Number of protein chains: 2
Amino acid sequence: MNSYEDEFRNYLKENGLKFTPERQLILKGVFSLHKHFDIDQLWEKLHRKDRRLSRATIYRTLPLLVECNLIQETLRCQGRVQYEHIFGHEHHDHLVCLKCGKIIESREERIEKLQEEICKRYHFKAVEHRLGIRGYCQKCQNKMKGT
Amino acid sequence: MNSYEDEFRNYLKENGLKFTPERQLILKGVFSLHKHFDIDQLWEKLHRKDRRLSRATIYRTLPLLVECNLIQETLRCQGRVQYEHIFGHEHHDHLVCLKCGKIIESREERIEKLQEEICKRYHFKAVEHRLGIRGYCQKCQNKMKGT
DNA sequence: TTTGTAATTGAGATACAATCTCAATTATAC
DNA sequence: GTATAATTGAGATTGTATCTCAATTACAAA
Ligand SMILES: [Mn+2]
Ligand SMILES: [Mn+2]
Ligand SMILES: [Zn+2]
Ligand SMILES: [Zn+2]
């Protein structure tokens, strides 16, 4: 079992890319955040450690991390792409509260199976799939009743 | 069973909004397109009939059509939001080919049921859900083998 | 039908995430 | 160490989407 850093180093080497201090910083940042994040949140966190780190470098690095399956695009909230690290985590679906923004994660094996079935039916080779349910969490439902 | 125009007129009236010629044109345009479309494609089509029609009016009208469940945001392709009309159509999921852009539509009752089950489990009140599978269609798989 | 009024429109300005440019810097293989 | 191609930061640029505002218009009430 490789570490995420090994995975990234291997990916970079295989593609003739360099393991720079900036990329290392971003990699560590991504795996130290244990929730969904967008690029600006990540930049804000990392910029404190390295005042020179540019947003452009993050924009350039995250697609690399997606490419080698360390992180994943999850949702788009308020026009911003959200990411989460997935290395060492199971795939899961997301329930997003439209009021408070709360995200519930759920894994349902039977849905995964059915998706595979659908792909077979259409001779479709899936690379990625995303199930997002938008609505209202329990708390927000109660608040709305109270009004 | 109301027509989509009745639906829209009622929605507008209920909200103190006006049924303008522009909105009528956009409504008809949306229901004469029998595939997924983005705002620019719609504008290009409608602009021929009414040279004055502004993109801004389309940007302003589509959210109204979403609000009254006549159309739906489906996917985001190349940074553009894609819509489709849903009035009179069953809900379905989308398989998108990353190479040629082909979209396969699929309805799987069992997945729908499981989604409801998940929502119950978390006391979550769903408003909308979207399942998107990205990958390669059969044709594109064959092309890639040939290379 | 006429009138009053708030909603709507088009054109252009603006916002803003994401991408690109380019000269200076740097990781890595030899 | 050297050579070289990749990488970086800063700022410019792109392109979708939103906003502004004066002029227009739908529509309800008279
Ligand atoms: Mn998640
Ligand atoms: Mn569809
Ligand atoms: Zn909530
Ligand atoms: Zn294809």
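The sequence lines fix the lettering, A, B, ..., with proteins before strands; numbering per chain opens at 1. All figures in this text were calculated on a predicted structure; none of them were measured in a lab.
- When hydrophobic side chains of Ile, Leu, Val, Met, Phe, Trp and Tyr are connected at separations under 4.5 Å, A/V96 ends up clustered with A/L75, A/I103.
- As rounded to whole Å, 12 Å separates atom P of C/dA17 from atom CD of A/Q41.
- Residue A/R23 has a polar side-chain atom (N or O) positioned under 4.0 Å from OP1 or OP2 of D/dT8.
- Side-chain to base pairing of A/R52 with C/dT25: no donor and acceptor N or O lie closer than 3.5 Å to each other.
- Between A/F31 and A/Y4, the ring planes are parallel. Angles under 30° get that label, and only those over 60° would be called perpendicular.
- For the side-chain hydrogen bond (donor to acceptor under 3.5 Å, both in side chains) test, residues two or more places apart in sequence or in another chain that qualify with B/H85 are B/H89.
- C/dA27 atom C1' lies 14 Å from atom CZ of A/F8, rounded to whole Å.
- For the pairing with A/H36, the side-chain hydrogen bond (donor to acceptor under 3.5 Å, both in side chains) check across A/H94, A/Q82, A/Q41 returns one residue only, A/H94.
- You'll find the side chain of B/I111 reaches within 4.5 Å of the side chain of B/L131, heavy atoms only.
- Nucleic acid contact class of A/P21 (heavy atoms, under 4.0 Å, all strands): sugar-phosphate only.
- Among the protein residues, B/R55 comes within range of no part of the nucleic acid, since none of its heavy atoms lies under 4.0 Å from any strand.
- Straight-line distance from the CD1 atom of B/I26 to the C1' atom of C/dT8: 11 Å, rounded to whole Å.
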Practice item. For the pair B/R107 and B/E105, evaluate salt bridge (charged side-chain N to carboxylate O under 4.0 Å, His left out) and give the outcome as yes or no after the intermediate values. Key: CA-CA 7 Å; B/R107 177 167 181 84; B/E105 302 188 328; over 6 Å; no

I'd like a list of close polar pairs between nucleotides 1-6 of chain C and the protein, N/O only, cut-off under 3.5 Å.
residue : atom : partner : partner atom : Å
C/dA6   : N3   : B/K18   : NZ           : 3.3

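- Within the 4.0 Å cut-off from OP1 or OP2 of C/dA7, not a single side-chain nitrogen or oxygen of B/T20 is found.
- Residues B/R9 and A/L53 each lie close to DNA chain D; by heavy-atom proximity, the contact nearer the 5' end of the strand is made by A/L53.
- Dashed line: the shortest gap from a side-chain N or O of B/Y59 to OP1 or OP2 of D/dT18 is not under 4.0 Å.
- The interatomic distance linking A/R80 (CZ) with C/dT19 (C1') rounds to 16 Å, in whole Å.
- Across all strands shown, A/I39 has no heavy atoms under 4.0 Å from either base or sugar-phosphate atoms.
- Spacing between atom CD of B/Q78 and atom P of C/dA18 amounts to 16 Å, rounded to whole angstrom units.
- Spacing between atom CG of A/L17 and atom P of C/dA29 amounts to 12 Å, rounded to whole angstrom units.
- One atom, CG of B/N15, and another, C1' of C/dA7, lie 13 Å apart when rounded to the nearest Å.
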**Study point:** Derivation and outcome, salt bridge (charged side-chain N to carboxylate O under 4.0 Å, His left out), residues B/E14 and B/R9
**Key:** CA-CA 8 Å; B/E14 278 168 20; B/R9 293 186 107 113; over 6 Å; no

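- At whole-Å resolution of the value, CG in B/L12 and P in C/dT8 are 8 Å apart.
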